[in-house]
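One structure is given below, encoded as C-alpha cells.
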Amino acid sequence: MSNKRRIAQFFTYLTVALFVVLLLRLWQLQLLKGDYYLAQSIKNRIRVVKIPAPRGIIYDRNGVKLVKNAPLFVASLLPGISEDSLDIKALSELLDMKEEEIRKLISGQDTKRLEPIRLKAGLSFSDVAKIEARRSDFPGLIIETDVTRYYPYKKTASHLIGYLSLPTVEQLRKRSKKEIVQNAPVGQWGVEALYDETLRGTPGRKFIEVDALGRQLRTVSIIPPRRGNDITLSIDINTQIEAENAFKRKSGALMAIDPRNGKVIAFVSLPSFNPNEFIHGISQDRWNKLINNPRHPMLNRVLQSQYPPGSVFKLIVAIAGLEEGVITPGYSVDCKGFISVGRWRFRCWKKSGHGLVNLRRAIVESCDVYFYEVGRLLGIDRIAKYARAFGLGSPVGLKLCTERSGLIPTTRWKKRVRGRPWYLGETFNAAIGQGYVSVTPAQAAVMVAAIANGGTIYRPSVLLDEEPQILGKVVLKPSTIRFIKRAMYDVVVNPRGTGWRARSGVAPIAGKTGTAQVVSRPADEDESKRWLPRDHAWFVAFSPVKNPEIALSVFVEHGGHGGETAAPIAKKTIEQYIKGNEKNTP
Amino acid sequence: MKKIPLKKLKEIDRILFFVPLLLTITGILTIFSATRPAFEPSHPPFYIRQSIWLVISLFAMVAMFVFDYRWLQRLSYYLYGIGLFLLLLTIFEGYIGMGAQRWLKIGPIRFQPSEVFRIILIVALSNYLQSKRSPIDGITFGASLLLFGALPFGLLFKQPDLGTAIMLFIISASLILIYGVKRKILLTTLALVLLLSPLSGKLVWHSLKPYQKNRLIAFVQPERDPFKIGYQIEQSKITIGSGRFLGKGYLKGTQGPLRFLPEKHTDFVFSVFAEEWGFLGSVFVLILYLVLVVRGFETAYIAKDSFSTLLATGISLMFLLYVFINIGMTMGLMPVVGVPLPFFSYGGTALVSNFMAVGLLINIRMRRYRLFY
C-alpha cells in the first residue's frame, strides 16, 4: 500500500466532486426548470375534455320546434390505443364498418390530442346493447354519449334551416372567437350557419385526472357548458309544408314575406336535401351524388338562381310609365300580334293579337306589344331606374348563402360590359322581362311586397323578433299604386286574366304571371312544339288585396306558362297562410 | 475469535449506524408513497416487506461487526468460490425478471446472488492483495485482474446485469491500483488497453442485449431513441423537477402512483422522493449519502492494516458508484443501467448486503487500535 493518506484524500475529493455534479443537476431540474416540469407533470395527469354545449333550438313563428337536440351514441376508442392491441377484423364486424376505415381513423389520430377517437356515431339502442355486451373484447372501446341535431321536418325548409356537420379542416384552422369543438358539428348552411354563434353556446371543460394508461381516476373540476340561444324564425311551418307540397315534386323556388315588415313566411327551394344526412359525416359517395344531381338539390334557388322575370317585369314597366307620365291608364295600343322594327318582328305571346288594349288589359292579359310601346316611350335607363328602386339588380341582403344579384341592364352597362351601344330591340325584350334582365325569386318577392305595401323595400328577415329594416322607399303616386294593385287583382279574377288559376274563395289574391323563355323560338315555330323544353314559370302575388299580409314570388323550373303551374302554388300557399292566421287569431 | 465486550458497544460508529438506518426508513416511507394505489384495490405490500428486510438487515449488520473481521479473511476464498458458483447457477437456473436472470429461488425466498457477491468479491480481493507484496508484480496483477475482475464481469454480463458487472470491475481495478502495481506493468497494460479498446468495444457492443443497446442509444442520442427509452428518463426528470424547492408534500406526488414513472419504487425511487420533498429534501438525502461515503473513506484511512484499508475503500467506492450512477440516472446524467439506490430502493437482498457492508465498516473502525480483543 503506497500512501493511505493520499488515497483517502483522493477518494474524498472525488466523492465531493461527484456530489457537486448531482447537486448542480438537482438545482437545474428543480429550481431552474421546476415550473416547466411541474406544468409537464400536470399535463401528464390532467386531461381536458371539452363538453359540447347543447345547441339552441330553432322555432317557427308559432313556436313549433323545427330542430331537436337528440341523444347521440358514439362508439369511440380511447386515445393511445394501438392497432396491434385490437382485433380490427372483429371490431369492423361489430361496428359494421370497413377495416380500412377503422385503421385510417386510428392511424390518423393526433397523438397530442387526448380526446377519444370517434369510430361510429349515431348508434341505435340495439347497437349500443350489442357493443356493450362485447366491450371487454376490445380494450379502449367506449360508448360516448353526446347531443345531436335532429330535423323532424327532414327535407322541408332545409335550404332555410340548413344543416350541421363536422367542421371542415378550413374551419378548424380558422377557429372563430367561440371555439369550435373538434367533435362538435357546426352550422354549414342556412340559419344554422348564419346564426351559428348564437345557436352554438360555449363548450364546457372537464378536467379529468388520468393515469399513464389513460384510465380515468376522478374528475378534478368541471366548467359547465353554456347552452346556445334559441332562435325563433318568422316562417310558418304549415305554410311552408303546403307550399312545398304544391310544387308536386317540380324544381323551383318560393319566397313569401310579410309586406308590412319583410319577415319571411315561407322559403322554398326545391329539390332540397335531408339535413339529417350530414350530421355524422356524409359519405363521399352520397355527397358526390348530391352535388352531381342534375336537379341540383344543393342549390338555393331562392337566392342563388337568377332568371329573366318575364311578364312579371311588366309591373315595373307599367309603374315607370305611369310615374314618368309617358302613359296614362287610358293609353291604348293596337296589338296585331307583333311589332316591327326595321326588318325585325317582335311578337306578342298571342299570335292573333289582343286588338286595342289599354294598360289594365295589357296587364291582365299580359300583352307584349303594349309593353314594347311603353318600353320605347321610356327607354331602358328609365325602366332600370324603377327596377333598381324596387330592389332588383342587387342582393336582397338575406345572408343565408352567397346571393346572386340578378341583372338590370342599362345603356351604360352595355357599353361597359359588351362595348356596344344599346338597341331598341333590346329595350323591347327588357320591357317584357326577357333578354338581359334577370332576377332571383327573392328579389321578385321583395318587389311584389313593395307593391303591396305601397313602395317600402324591406330587407327580408328570417328572425321573428328582429327589428324590420327598410332598405329603401319608392315614392309613388297613390293613384299608380292603386291602379297596379287593382290591375293585379284583375289578373286573377278577370275571366281573361292570365292568373285565373290563383283565384281563391278564401282570400282576395292579386298577382302577375311571368314566363322566362328557355330557348329563343324561331318566329315560325310550330305551336305544338312551343313548350319544348318548357319555359320557366313565374308568379308574384299578394293577399289580401286591401291591407296585404303576405306577398310572394313563385318560380317553377320548366313550369311552362306562369299562370299554369306557378299560380296554383301561390294560391295554395296564400290560402294556407290566411287560414292559419284566422285560426290563430279567433 | 473473541466476542466483543458489551462495554465496547459505545464504540460503534454512530454515523455509520444511523445514516443508513435513516436512509432506509426514508426509503420505506417513499416506497409506501410510490406504490399508493390509484386503481388497485389495496396497497401493494412492498413497504411491509422492506420493513421486514430492514429488521433482518440490522441483524446481518450486527453479525458483521460482532466478530473480529479476520474470520472473514480466513473464509474469504471459500466464500468467493461459493459466490462464483451461485452466479453460475443464476445463469442456468435463474429466475427471469425484466429480461434478465438475476434471482435465485431457494425454497420460498428469491434472492439476487450478485448483491451478496459484491461484498464477497471486495473481501476476497482485499485478502488476496494484502497477502502479496506491494507493489504487485506482473503475475499477481494478471491473476488478480483475471480472477477478481474478468471472471465476475463475465458471469454478471451473462446474466445479464451489465450495471453491476461494470461497477464491480471498476471497484476491483481500483483496489488493485491503489494497492500498488509495478510501474512497468502498469504502463504495458495501459498501452495494451488502448490498442485493444476498439476491438473490445465492438465485442462488447455485439454481445449486448437489444434492450441494453437501446438504453445506450437513448442516452447518447435521445432524439434517435427508437424504443421510447427516453420516455423513462423524461418522466423521471419531470418527476424530480416538478418537486421544485419544497416538494409537493408527502403522499402528494402524482407521477409514481399514476404510473407515469416506471420502476417507481425500485430504480427510480429517488425521483419519487424528490417530487414530494423538493430540492430541500433531496439535498438532505444527498448530504446523508455524502457523509456515509466520506466516513467510509475515512475509515479506510484510519484502518489498522492493508486488508481493512482495502476492504473499507472497496465498500465506500461501491456506495459512491451506486449512489452516483443511480441518482445520475434518474436525473438523466447517466444511461439507464438498472442499478438500485443503496438503502433506498426496494429490494431485500440488496438491503441486507448493504447493511452487511456497513457492518464491516463499523467493524474496521471498532478494531483499529488493538490487534486483538
Side-chain angles (χ1 to χ4, degrees), chain A residues 1-47 78 80 82 84 111-112 114 139-140 207-220, chain B residues 38-39 129-130 134-135 174 178-180 234-235 237-245 247-248 253-255 257-262 274-275 278-280 282-283 286-287 289-290 293-294 296-303 305-306 309-310 313 316-317 319-321 323-324 327-328 331-333:
Chain A
M1 193 83 78
S2 44
N3 191 333
K4 269 166 69 176
R5 188 188 186 88
R6 263 173 53 203
I7 290 165
Q9 260 175 0
F10 168 77
F11 279 112
T12 306
Y13 291 151
L14 179 71
T15 307
V16 171
L18 291 180
F19 273 84
V20 167
V21 169
L22 294 181
L23 190 79
L24 287 175
R25 180 64 164 177
L26 207 56
W27 176 284
Q28 185 195 19
L29 291 181
Q30 294 192 300
L31 301 184
L32 297 183
K33 291 170 83 179
D35 292 338
Y36 164 76
Y37 283 120
L38 183 65
Q40 291 290 310
S41 83
I42 291 168
K43 224 167 92 184
N44 258 346
R45 70 187 176 94
I46 302 295
R47 173 180 301 174
L78 287 175
S82 70
D84 324 315
T111 45
K112 278 182 204 122
L114 292 165
F207 298 86
I208 303 169
E209 189 170 28
V210 295
D211 76 352
L213 303 175
R215 293 182 297 186
Q216 305 187 352
L217 193 61
R218 68 197 170 97
T219 301
V220 181
Chain B
F39 290 95
L129 287 173
Q130 63 86 38
S134 171
S174 303
I178 63 165
Y179 188 66
E234 190 54 32
Q235 288 302 329
K237 278 154 76 179
I238 290 171
T239 313
I240 295 170
S242 64
R244 299 191 297 175
F245 188 69
K248 292 179 184 169
T254 56
Q255 288 279 98
L258 295 179
R259 297 186 180 220
F260 293 106
L261 182 70
E275 181 189 20
F279 183 73
L280 219 57
S282 306
V283 168
L286 281 185
I287 288 172
Y289 279 115
L290 181 73
V293 172
V294 170
F297 285 126
E298 194 222 13
T299 307
Y301 171 60
I302 60 174
D305 54 27
S306 296
T309 301
L310 286 168
T313 308
S316 309
L317 186 58
F319 283 147
L320 174 63
L321 288 175
V323 170
F324 182 75
I327 296 182
M331 298 197 292
L333 290 174

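Worth knowing before you read on, the calculation uses all heavy atoms, side chains too, and leaves out hydrogens, waters and symmetry mates. We name chains A, B, ... by the order of the sequence lines, and we start the count at 1 in each one.
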Student check: side-chain heavy atoms of R25(A) and K237(B) closer than 4.5 Å
yes
Once rounded to the nearest 0.5 Å, what's the spacing between atom CE of M331(B) and atom CG of L29(A)?
6.5 Å
When rounded to the nearest 0.5 angstrom, what is the spacing between OG in S41(A) and NZ in K248(B)?
3.0 Å
Is I287(B) in contact with chain A via its backbone, its side chain, both, or neither, using a 4.5 Å heavy-atom distance?
neither
Under 4.5 Å between any side-chain heavy atoms of R5(A) and Y301(B), yes or no?
yes
Heavy-atom nearest pair, T309(B) first then K4(A), reads OG1-CE, 3.6 Å
What is the ring orientation for F279(B) with W27(A), classed by angle as parallel under 30°, tilted 30 to 60°, or perpendicular over 60°?
perpendicular
Less than 4.5 Å apart, any side-chain heavy atom of I240(B) and any of Y37(A)?
no
Based on non-hydrogen pairs under 4.5 Å, which of V294(B), L286(B), I302(B) is most in contact with chain A?
L286(B)
With a 4.5 angstrom heavy-atom cut-off, which part of E209(A) approaches chain B: side chain, backbone, both or neither?
side chain
At what distance, to the nearest 0.5 angstrom, does CZ of F324(B) lie from OG1 of T15(A)?
11.0 Å
Between L18(A), T12(A), L32(A), V21(A), which residue shows the highest count of heavy-atom pairs closer than 4.5 Å to chain B?
L18(A)
Can you say whether L31(A) sits under 4.5 Å from chain B via the side chain, the backbone, both, or neither, judging by heavy atoms?
side chain
For the atom pair CZ (R45(A)) and CD1 (I238(B)), what is the distance rounded to the nearest 0.5 Å?
12.5 Å
For a 4.5 angstrom cut-off between non-hydrogen side-chain atoms, does N44(A) reach L258(B)?
no
Would you say Q40(A)'s side chain and E234(B)'s backbone share a donor-acceptor pair under 3.5 angstrom?
no
Flag the pair F11(A) / I178(B) as yes when at least one side-chain heavy-atom distance between them is below 4.5 Å, and no otherwise.
yes
Can you give me the closest heavy-atom contact between Q30(A) and S282(B), atom names plus distance?
OE1-OG, 3.7 Å
With a 4.5 Å cut-off on side-chain heavy atoms, are L320(B) and F19(A) touching?
yes
Identify which part of T313(B) has an atom lying under 4.5 Å from any heavy atom of chain A, answering side chain, backbone, both or neither.
side chain
Answer with side chain, backbone, both or neither: which region of Q235(B) has an atom nearer than 4.5 Å to a non-hydrogen atom of chain A?
side chain
Flag side-chain contact, heavy atom, 4.5 Å: I327(B) against L26(A):
no
Counting heavy-atom pairs under 4.5 Å with chain A, the top scorer among T299(B), L290(B), T239(B) is L290(B)
